[in-house]
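Since the structure comes first, as structure tokens, the remarks are kept for the end.
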2 protein chains.
Amino acid sequence: MFANSQILTATNTVPAGLAVFPQASVVSDDDLPLEGGQVLHFAKGAEIFGQGERADCLYKVVSGWVRTYRILRDGRRQIEGFHLAGEYFGMEAGAAHRASAEALGSATILVVRRSHLNEIAARQGDVAATLFRLAVQGLQRSQEHVAMLSHKTACERVAGFLLDMAERADAGKRLDLPMSRQDMADYLSLTIETVSRTLSQLQADGLISIPQSRTIVLEDREALEDMCE
Amino acid sequence: MFANSQILTATNTVPAGLAVFPQASVVSDDDLPLEGGQVLHFAKGAEIFGQGERADCLYKVVSGWVRTYRILRDGRRQIEGFHLAGEYFGMEAGAAHRASAEALGSATILVVRRSHLNEIAARQGDVAATLFRLAVQGLQRSQEHVAMLSHKTACERVAGFLLDMAERADAGKRLDLPMSRQDMADYLSLTIETVSRTLSQLQADGLISIPQSRTIVLEDREALEDMCE
DNA sequence: CCGAGTCATTGTTCTGGATCAATGGCAGGC
DNA sequence: GCCTGCCATTGATCCAGAACAATGACTCGG
């Protein structure tokens, strides 16, 4: 897969001139030099890949938001995560995608074939290290998800969700969330009614305000943080 | 208890390429060529590494069972996973361990320094690919954990847990679990009482029998599988 | 402007698992 | 053997959030 590469280097020493990635709206230390990838546009609700399809590519959000989810045996939909600009998704250990991915609004996605990534890794050793780090970061995010689901109350889940989204979207007080209440519910493992009720309660308590249903203003961030402990 | 500094200094002088790995009970395609790692023994309940400590090593279970867990802000303990012979744990993206690891019974663990792994990867290219795959497998296991916690009933969680453990331990009908009811509860996000009650109920329904409290016989595996859907 | 469809909110009832509490088994120490 | 402490089981009560139901707000196409 990603042959001839060093792994687990503690520091990233990529010379800036090599990393060519003009479309990226966010360039972080964790960025891979993905020259040669294909930039695609997806309309609202469009499927980027589906559960069970062959997993040949790695994906990166250039702009917009993406949700990845799985349909469980009992028919319920579990949203595994929301992915913002600069974030990667679609990593698989096996040959098939275990989840589906859809654009939340309209979204621009960079798609890189795994075989192509392999070639890049052969030229630039620390690419393998970065891939490993991305996978472990995904693991950690999933473990945070587990911690969130374990015993937390609806209020703690929603407050933590808002803070997480605000941080990752680099939002100030005002937070525009492109997902529906159903999406939030399927991510937080609550019902749509409980999400709605909890948001109303947070507004009644003055911690947030909701000028439009998908715009949330964090009025008292400190109190929200206290709420998640 | 083992001081971490001992482990770390000792591995520095191991000549690469000569040491073998005789104790390994499982050798699969996913195995890394970990010559030069140090094999350590841990007594029941001994800490292998602690939350917040520097993460310099990768760990592999040679024999025995290991639990990894985090103490959450509210003081609760979330068990992230149980690790059996042949499985890896202790992967971190950052410099510090986000979890603690303890031996469940007595356990033998192979410890490899990340820097040493780096050297191996430089000689053998597919090591990087294997590390990536291991990380993604950990991610998938965590996502299964999320699916299990989301909306499943106590009964479904316990039945699924028993089947998962039986499969990974390669057990037939008879399953010897080295962990306490509290460990199961902290993994499944239930209380110890609910775990106990559920096991009793499964026994009353004839799906399992419990000759000793830590030995569980799967009397009707099909019904257990139906239960998790 | 209207009508249809989607999404969000709010009220009511009900249930699964948490919590509190008490008892029962089993192992190790003396 | 008995005591002590830990772990597991079982019972009773309570509560957060699910499920059901109805209404209200917003959007888009015509």
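All chains are named by letter (A, B, ...) in the order of the sequence lines, taking the proteins before the strands, and each is independently numbered beginning at 1.
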Both conditions, 6.0 Å and 45 degrees, for the charged tip of A:Arg77 above the ring of A:Tyr69: are they met here? yes
For the helix from C:dC1-D:dG30 to C:dC30-D:dG1, what angle separates the axis at the start from the axis at the finish, each from five pairs, in steps of 10°? 40°
Distance check needed: [N] [atom2] versus [X] [atom1], whole Å only.
X        : N      : atom1 : atom2 : value
A:Gln201 : D:dG17 : CD    : P     : 12 Å
A:Ile192 : D:dC20 : CD1   : P     : 15 Å
B:His151 : D:dA16 : NE2   : P     : 18 Å

Proximal nucleotide (of D:dA21, D:dA8, D:dG17) relative to the A:Leu190 side chain: D:dG17
Check: B:Ser189 main-chain N/O paired with B:Arg157 side-chain donor or acceptor under 3.5 Å: yes
Side-chain (A:Glu167) to main-chain (A:Asp164) donor-acceptor, under 3.5 angstrom: no
Give me the first and last nucleotide of DNA chain C, going 5' to 3', that has any atom under 4.0 Å from a heavy atom of chain A. C:dC7 to C:dA18
Search all heavy atoms of A:Arg221 against all heavy atoms of A:Ala171 and return the closest pair with its distance. NH2-O, 3.9 Å
5'-most contact on DNA chain D (nearest-nucleotide basis), B:Met179 vs B:Arg197, goes to B:Met179
With sequence neighbours excluded, tell me which residues meet ring pair (Phe, Tyr, Trp, His ring centres under 6.0 Å) with A:His151. none
